[in-house]
Visitor: 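Quick one: the structure is below, questions incoming.
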Amino acid sequence: MSVSNLLENWSKFRHTHPVDDKGIPDWEAYPSDIKWAMSIDLDACTGCNACSVACYAENNLPVVGKDKYSHGQAMHWMRVERYWDEGDNGFQAEQGARFLPMMCQQCEAAPCETVCPVGATNHTEDGLNSQIYNRCIGSRYCSANCPYKVRYFNWYNYPEQENAWPAPLNQQLNPDLTVRTKGVMEKCTFCKQRTYTARNNAKTEGRPVQDSDVQTACQEACPAGAITFGNLHNPESQVAKQWQSQQVDLIKDIQEKDEKEGNRLRGYRVLEELRPYPSVMYLERVRESAV
Amino acid sequence: MKCFLRSLTLLVGLFFYASSHATDALPTLTTPDDVGPVVEQPIEFPHFRHAGDAKDGGMQINCMYCHTYARRSMVAGIPPIQKCIGCHQSIESVRDKPRIQKLFEYWDAKKPIPWKKVHDLPDFVRFNHERHIQRFYFQQDRPYQEVCGYCHGNVKAMTVAQRQKPITMGWCASCHQKDHPVSANSSETGHGPNDCFTCHK
């Protein structure tokens with residue numbers, strides 16, 4: 001009963017694809033009027049890592065330490081990538097790095113979803129790429145297939161064996177989501193616990209979700225206000241306005257900025273040419289240096 | 001003798017075949033085994049006296065008079081001791097009963113009553129009382145005892161609450177699959193969310 005039901009729904013959400021074979025958007029596939037999306041202004045980002053820290057606190061992420069980090073076993077759902085400009089004499093350190101906050105892009109045609117052997121990662125109706133820890137068997141296939149490398153595997157039993165939260169630090173764990181155990185994959189959920197609460201409260205009050213209902217942890221922490229989060233299907237939301245003003249479209253794999261020469265648009269999405277249709281828009285950096 | 005043995009083997013085989021076949025049928029969702037353990041509470045709280053029907057000597061108090069957060073929060077909540085005292089300080093007739101004396105001992109010592117959890121969901125499950133109460137109590141206008149009883153069983157007949165339903169994922173899903181009317185006067189139906197991420201956190 002439940003297995004057949006699950007498979008039925010699983011395939012329904014797996015086949016949700018913003019562009020069908022003819023290149024026409026298939027909005028019928030969306031049963032929901034909510035599509036969570038984000039935009040990040042790289043011009044505002046100073047690379048301060050406050051978003052990353054906020055994510056650690058909100059989502060019960062273990063701090064793995066230097067050794068494990070150097071083995072690539074960091075658990076930062078939100079990481080700030082650094083890019084250095086290379087001049088004639090190698091790195092131009094004095095010019096400073098360019099920063100790019102990178103988290104799960106919640107792709108509409110997510111490469112990770114199609115390869116999971118047990119259906120532990122699938123699409124939700126509000127446009128999230130879910131990760132169900134109970135179903136996950138730890139094949140790590142999804143991580144291998146993720147072009148952004150934003151899926152993190154629990155190589156250790158962090159709460160108990162690694163003692164990632166020695167008492168009384170365990171008191172600050174967020175009860176709204178689990179502490180993951182050894183052998184499961186995890187990744188950014190666009191703060192599912194917060195979007196859930198926002199949707200719940202809006203439903204009780206009988207109104208649609210507004211911008212003021214929900215902020216992600218990274219957005220809340222960003223001192224520069226570089227991160228905007230909201231419902232893309234609501235034209236009044238800040239994020240929809242930003243996507244609109246940058247002429248970035250969820251169903252396109254090359255945006256206006258790159259398609260036509262000489263415009264002043266800045267909006268793009270990372271690795272769009274792979275056609276995963278990510279939900280995070282980045283605003284290109286305009287200023288030359290960080291210093 | 002050989003013939004007897006042969007028929008015996010056949011009979012035994014038939015019996016095992018039949019019994020194994022019987023277990024192939026879908027098990028019923030609720031079995032007597034689903035009844036939870038008896039939880040020893042610090043005070044043997046008589047639910048039947050407070051919430052029970054009048055004919056059974058109960059006072060028909062709404063579940064949400066004490067478990068007040070059920071309609072506006074994820075968790076239903078255990079009432080603070082003030083709630084008990086609020087009524088019981090002016091009910092002189094039962095003041096000398098042992099359970100009430102125990103209650104006032106906690107009150108005088110300014111200590112909360114260490115109630116034990118009866119319906120304990122695993123940490124990876126997100127269950128929302130508010131959504132269920134809103135849907136069935138406020139929108140469909142069903143009696144609260146029925147609505148709470150879907151998951152909590154017939155608490156109004158119990159003394160100390162005991163788990164009566166399995167509260168497993170298959171059991172939750174069996175109800176989420178059903179079509180429920182959207183409101184009391186509507187023929188429109190809808191069913192509960194069916195996607196893993198809503199309930200698994």
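Lettering follows sequence order; numbering is per chain, from 1. What you are looking at is a predicted structure, and each value in this text was computed from that prediction instead of being measured.
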Visitor: Take atom CG in B/D96; do more than 12 heavy atoms of anything else shown fall under 6.0 Å from it?
Guide: yes
Visitor: Counting heavy-atom pairs under 4.5 Å to chain B, which of A/T178, A/D126, A/L177, A/N134 comes out on top?
Guide: A/N134
Visitor: Around B/Y150, counting heavy atoms of other residues, nucleotides and ligands shown, do more than 12 lie under 6.0 Å from its OH?
Guide: yes
Visitor: Tell me, out of A/N200, A/N201, A/I132, who's got the most heavy-atom pairs with chain B below 4.5 Å.
Guide: A/N200
Visitor: Measuring from atom OG1 of A/T197 to atom CE of B/M74, what distance do you get when rounded to the nearest 0.5 angstrom?
Guide: 6.5 Å
Visitor: Taking all non-hydrogen atoms of both residues into account, name the closest pair between B/F197 and A/L128 and its distance.
Guide: CE2-CD1, 4.3 Å
Visitor: Using heavy-atom distances under 4.5 Å, tell me whether A/Q131 contacts chain B through its side chain, its backbone, both, or neither.
Guide: backbone
Visitor: Using a 6.0 Å cut-off, check whether atom CD of B/E92 has over 12 heavy atoms from anything other than its own residue.
Guide: yes
Visitor: Any chance OH of B/Y69 has more than 12 other-residue heavy atoms, nucleotides or ligands included, within less than 6.0 Å?
Guide: no
Visitor: Kindly check if the number of other-residue, nucleotide or ligand heavy atoms within 6.0 Å of NZ (B/K116) is above 12?
Guide: yes
Visitor: Nearest 0.5 Å, what's the CZ-NZ distance between B/R126 and A/K192?
Guide: 6.0 Å
Visitor: Under 4.5 Å heavy-atom distance to chain A, tell me which part of B/E130 shows up: side chain, backbone, both or neither.
Guide: side chain
Visitor: Taking everything shown except A/Y56 itself, do over 12 heavy atoms lie less than 6.0 Å from its OH?
Guide: yes
